[in-house]
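Letters A, B, ... are given to chains in the order of the sequence lines, protein chains preceding strands, and every chain is numbered from 1.
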Amino acid sequence: MRKAIIYKEWIKVRLFTPLAVSVLAGFTAYALLRIGRMYAFNGAGSVWLAVLDRNAVLIDNLKYLPALLGLLLGLVQFVPEMQQNRLKLTLHLPFLQSRMLLWMLGCGLALLAVLFIAQAAAIWICLRWLLAPELVARILMTALPWYAAGVLLYLFTAWIAVEPTWRRRLFDALVAAGVMRLLFMSDYPRTYDTLLPWIALLAACALFFPIYSADRFRRGCQD
Amino acid sequence: MMRTIRTIIILLAALLLAWLLPWCYNFICSSPSESPLTLYSCVTHDFVTFSFEGKDDTAGYDLAGNSFDEKQFDSIMPTFFYRRLAEDDRLPAQIDGIGFDLHEVERSNFVFRSSPSDLNRPCTGLYQLLDAAPGREGFRTPDDVFRITHTGIEFVKMEGNCIDIPKSERFTRVMTDKGFVFPARAVAGNASTRKVYDNGYLLIDAAGVPFQLKQFHGRPFVRRIEQPDSVVFTHAFVTEFPDKRLLGFLGDDRGDIHALEADYSLHRLPLRPVDLRRERLIIVGDHFYWTAITERQGFERLTAVNARDYSLAAEHETDFPAAKWEQARKYLFPFRLVFTASSDKYVKPRFHDFSYLALGLNLLLAIGWAVYSRKRRRCRAVRILGILVLGIYLLVPLLLTGRE
Amino acid sequence: MSDPVIECRNLSHHYGERLIYENLSFEVPRGRVLGLLGKNGTGKTTTINILGGYLEPSAGQCLIFGEEIRSMRPETRTRIALLIEGHVQYAFMTIEEIERFYARFYPRWNRDAYYGLMEKLKVAPRQRISRMSCGQRSQVALGLILAQNADLLVLDDFSMGLDPGYRRLFVEYLRDYARSEEKTIFLTSHIIQDMEKLVDDCIVMDYGHILVQMPVGELLETFRRYTFTPGGAQIPEIPEFYSTAVVGAQAELYSFESPATVQGVLERAGVPCGDLQAETLNLEDAFIGLTGKY
């Protein structure tokens, strides 16, 4: 049955996945090429000192990409479930309902994890030849909250999409917007280091928010 | 489980409101606050405050409230307004028995700043060591950076991203010979090329002993700085002021600030303990007196130090009362959640301004909720108690999620 | 009577302040096909949603195979096939993908039943369900239900949007399936002629309560329309008379009572009914007679 759930989720995201890979690869390649160009035209020192003196992150053009992918994946996975109240079909399947949703979310999170880890790995592989480990760590640790934003926005999108009433969707969206605002407040490198454990805790909690929305759907909550 | 999830959602919304509502209040209601500059006058031997431009004819006033017009103020602050006085030929002949040499005065003026946000921020652990003898072309950006590890100092060539092993070994050997215990507790320097001379780096080793590190044509210069007994240094600041009198300032674990002169002598400044990680320290120095300003939220301490012998000249403390809009805020919000602070560069949750004065409003809101929800039985008491504690932060999410 | 598959006890539901029904109780015996009839807004879809576990009733209890619907074990849910109003399915899948998906959930999955119907569909193999016509989608839905081999089928408005050909297909397949496999079917539809061909028992709902619950055969045998010329006399309003109306000189009423009983009641009330005519009805006319015209 789990394979069937993964199969269904795959069918929903099979067009999205190559698109996401292309966009991610394209933007990442552009960011890395830009660094390469800086090297070629201005020398290694210009790149190092940009990070050291001017607190540049070098890959800041990738900042909103994980959040965008999380949002789109959430829509691609869960809007089809809510059209014509198709969630009734899903909840009627002979599988524990909260577990069903966790598996569905797990599929989305796994896809996001693969995308984000692949991107981070590509950045690490390219940059470690050019920059000292401290600078590479600085860049990647600065990017970590962006990935967290991607995961959170995916979970929030699922939470909002599965919610049956528009009134609550608005409330949920405001909460999501507040959290996103927090995650994109500062551009300073590694400024979110001390907040990361809280973000992880929030993500663990947010994993269950769509289950709550599904329960409200099942109870027949209406505007 | 659903009830737990719902509770978490409501608490999350409450926390967001605890952050955003006070922020909105501040955004709408805040008014500019004056933070005037006060320095020690070497003429009146008192603190004088600069008045804002355009505020009648007063250029400044002293602690007793006596005001000074422009001409008077220039005269009592000759080290600050020396150019204007020189133009008007009103320079004093001497101050405190010491001749007033315009050139010396100009070179002696300096401003030193230490801000908590400079210390409380993520560091890379990589630094640039300039060549202290640059030659005709002036200071150049070095082509390597250094890091201090548990075993020594490593220089990393930026081009090629590889360790310069011979140079690293050379420097490590010299530092070890001078008694440096790796790793360093603090590393301070000024890597800018826009300066007249270079004082290198001040390092505090693992044992709390300060060292100076410089580079001359790729060769190391390391000098151990003898410290007084029982003083453990925690912070170091390199200065490169025009008069070349100082190498920098050092802070110890008791909050004392020491001036390090170019001859490596240490002089403890007669300041009250300064918590450099929480308080801002500004030292505005001239040829005769230094004014040390220690600031934190709502409080300022001024200390005048005799620049010649580092003795205490005067002291003054000021408490700045909270503005009316800040006082009103205490009646509305039981506390504030903020994620940023001027004292560091981290985004993390901090609870501020816990106020029992908001209990009045909370009680009203709790009563209102009790009446509104009188038909409901479940968890009513818990929610009423929650509103009593969290006030409007909890009431709003409860109202928005109330109807199932 | 065989043990009930569906038991609803004292169901009550409100939408906000509006009462849908109160203390609704009924049972669906095993092996029977039961149709739920009622005008719009009488609570048919509400009942289906409660049965499907998608609506929490304001009060009352609903058991299927002896289990509370909202806490039903997954194994029990394999015995229930659900058709949602509009033949809603995972429209982003093709017919092959959807079969492959569902087959893993149901241990008694009958692939041949599904593909037997799919062969009649004139669609490309990779065509997504969303690109099919309403009738074709209903056929996919029917195939999935039959393949599931469930003991209970719950069908919400199975004929919605279908042309006569697809409706006939649905009715014939379901009837054969129910009879041959002794399945229990609970369904609703607005096309009462289809219901008449399919259902064994019916429940007719009015606003707030059940009007009748009985076998269709018994309903059609006993429920008649009576027409007569009242000559201006006031026709008595008694519970035994339904939908009494006077159009011009002609009066009509509906009743389960025999012609003799009806005549007796009218005469005692002083209503001339010498030309009293009784006629038996089809299910649609019986429904109109019970619930009234708008």
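- The aromatic ring centres of A/Y64 and A/F184 sit less than 6.0 Å apart.
- In this structure, the portions of A/L182 lying under 4.5 Å from any heavy atom of chain B include both its backbone and its side chain.
- Contact of A/V179 with chain B is made through backbone and side chain together, with heavy-atom distances under 4.5 Å.
- Neither the backbone nor the side chain of B/P142 comes within contact range of chain A, judged by heavy atoms closer than 4.5 Å.
- Here CG of B/D353 is found 11.5 Å from CG of B/L337. Values are rounded to the nearest 0.5 Å.
- With chain A as the partner, the residue from B/V156, B/L126, B/I8, B/I163 showing the most heavy-atom pairs under 4.5 Å is B/L126.
- Contact annotation for B/T141: only side-chain heavy atoms (C-beta onward) come within less than 4.5 Å of a heavy atom of chain A.
- When all heavy atoms are compared, the tightest approach of A/A67 to A/L153 is O-CD2, 3.3 Å.
- Inter-residue side-chain proximity for B/I384 and B/W369 is flagged as met; some heavy-atom pair is nearer than 4.5 Å.
- For A/Y154 and A/F156, the distance between ring centers is not under 6.0 angstrom.
- With a threshold of 4.5 angstrom between heavy atoms, A/D53 approaches chain B through side-chain atoms but not through N, CA, C or O.
- Residue contact with chain A, scored on non-hydrogen atoms closer than 4.5 Å, is absent for B/C162.
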Practice problem: Dump the intermediate steps for side chain to side chain contact (heavy atoms under 4.5 Å, CB included) on A/M185 and B/F339, then the final yes or no. | Solution: CA-CA 9 Å; A/M185 258 172 67; B/F339 286 96; 4.3 Å; yes

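- Applying side-chain hydrogen bond (donor to acceptor under 3.5 Å, both in side chains) to B/D344 and the options B/R350, B/R121, B/R278 leaves one that passes, B/R350.
- No part of A/T165 comes within reach of chain B, as not one of its non-hydrogen atoms sits under 4.5 angstrom from that chain.
- Only the backbone of A/R128 comes within contact range of chain B, judged by heavy atoms closer than 4.5 Å.
- Screening A/K8, A/R86, A/K88 for a side-chain hydrogen bond (donor to acceptor under 3.5 Å, both in side chains) with A/E81, the sole residue that qualifies is A/K8.
- Contact of A/L196 with chain B is not made at all, since no heavy-atom distance falls under 4.5 Å.
- Of the two parts of A/L52, only the side chain, counted from C-beta on, holds a non-hydrogen atom closer than 4.5 Å to a non-hydrogen atom of chain B.
- A pairwise comparison of heavy atoms in B/G218 and B/Q215 identifies CA-OE1, 3.5 Å as the closest pair.
- Most heavy-atom pairs under 4.5 Å with chain B, from the set A/D193, A/L135, A/L131: that is A/L131.
- The contact between A/W198 and chain B is made entirely by side chain atoms (from C-beta outward), counting heavy-atom distances below 4.5 Å.
- The contact between A/R138 and chain B is made entirely by side chain atoms (from C-beta outward), counting heavy-atom distances below 4.5 Å.
- Only the side chain of A/F171 comes within less than 4.5 Å of a heavy atom of chain B; its backbone N, CA, C and O stay farther away.
- In this structure, the portions of A/F209 lying under 4.5 Å from any heavy atom of chain B include both its backbone and its side chain.
- Under the 6.0 Å cut-off for aromatic ring centres, B/Y346 and A/Y192 do not qualify, their centroids lying 6.0 Å or more apart.
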Practice problem: For A/I123 and A/L62, run side chain to side chain contact (heavy atoms under 4.5 Å, CB included): C-alpha distance rounded to whole Å, both residues' side-chain angles, the deciding distance at 0.1 Å, then the answer. | Solution: CA-CA 11 Å; A/I123 293 168; A/L62 303 178; 3.9 Å; yes

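- Only the side chain of B/L16 comes within contact range of chain A, with at least one heavy atom under 4.5 Å from a heavy atom of that chain.
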